[in-house]
Amino acid sequence: MSTLWIGTSWKMTKTLAEARAWATGLRDHLGDTAGGGTASDSAGDTASDGARGATAPSGVQPFVIPSFTATTTVSEVLGEDSPVLLGVQNAHWEDAGAWTGEVSVPQAKDAGAQIVEIGHSERREHFGETVETTRRKVAAALRHGLTPLLCIGESAEVKERGGSSAFILEQAAGALQGLDAGELARVVIAYEPIWAIGEAGRPATAEELVAPFAALGAAYSGKVSGLLYGGSVNLDNAADLLGIEHVSGLFVGRTAWRLEGYLELLRIAEAHAAGRRT
Ligand code: PGA
């Protein structure tokens, strides 16, 4: 039975103080105090002290993807041995060079990242991300030993035409083109329909997601590390979404930006994982 990935991208939110508070709260929740630390001495923690005793909820792989500015802060707070994986929201396909404003995968790795989010619909819409750039970025992440978190999703227009599954399969195939089985096994795919994302989106019903996940499952189940759902995930729909066949996690924006929301999602996932084991 595969692990349930439960993660959040903070998008363009949070100051360093807010990032530190969220990460400290998560670290403490996951059992840091078992190592003898307390919230009051967290400022003096070393990286390895920070993670001492922390464990992920059973059957759950937590991850957090802050803004670039908060990567190091969150990394230091969580600590080296943290069960929480850390990511960045984008990275360039080249390792270094004259690419003003960009961050490379080796730089992200140096700052503590283990995951690179690639191809979120906001980046495709506003920053010219294409199937070709997602392909190059997936390759760069794999080259440096990071997990590519490939986001795919169709617009409302494509959905209305009945083309959702074909569209997302094409996005995925383009980005994952040329990978061998071992490389593919290190990829996580997040299906995030554009019409379901953010304030302008509406939550998808579980019924609407059955067909796209059947298509993704047929192509990628057992071949990638995870098939996640994202888009207006909230505390009311999370359990139903996890119940859809082939869904092995949730990628969450707004609901998880408050730590309490994220912790509740972890609890929902842990209960779901326990239910699947019985
Ligand atoms: P949301 O964002 O949960 O706020 O809808 C989801 C996403 O863009 O990943």
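Numbering of ligands and ligand atoms starts at 1, following listing order.
- Each side-chain hydrogen bond (donor to acceptor under 3.5 Å, both in side chains) pair with one or both residues in residues 251-261, not counting sequence neighbours, appears once here: S232-R254.
- Under a 4.0 Å criterion applied to the non-hydrogen atoms of H120, ligand 1 contributes the atoms 7 (C), 8 (O), 9 (O).
- Close contacts between ligand 1 and R254 involve ligand atoms 1 (P), 3 (O), 4 (O), 5 (O) [criterion: under 4.0 Å to a heavy atom].
- Each of L150, I189, L179 was scored for a side chain to side chain contact (heavy atoms under 4.5 Å, CB included) with V224, with one residue passing: I189.
- The distance from ligand 1 to the heavy atoms of G198 drops below 4.0 Å at these ligand atoms: 1 (P), 5 (O).
- Scanning the protein heavy atoms around atom 2 (O) of ligand 1, the nearest turns out to be K11 NZ, 3.4 Å.
- Taking a 4.0 Å cut-off on heavy atoms, I197 registers as neighbouring ligand 1.
- The side chain to side chain donor-acceptor pair (under 3.5 Å) search around E264 returns R267, not counting sequence neighbours.
- The protein heavy-atom contact nearest to atom 6 (C) of ligand 1 is G253 N, 3.8 Å.
- Residues T3 and Q61 have side chains that never bring a donor and an acceptor to within less than 3.5 angstrom of each other.
- For atom 9 (O) of ligand 1, the closest non-hydrogen atom on the protein side is E192 OE2, 2.7 Å.
- Taking the centre of each ring, W22 and Y262 come in below the 6.0 Å mark.
- Heavy atoms of S232 approach ligand 1 to within less than 4.0 angstrom.
- Neither side chain, Y191 nor Q171, offers a donor N or O lying under 3.5 Å from an acceptor on the other.
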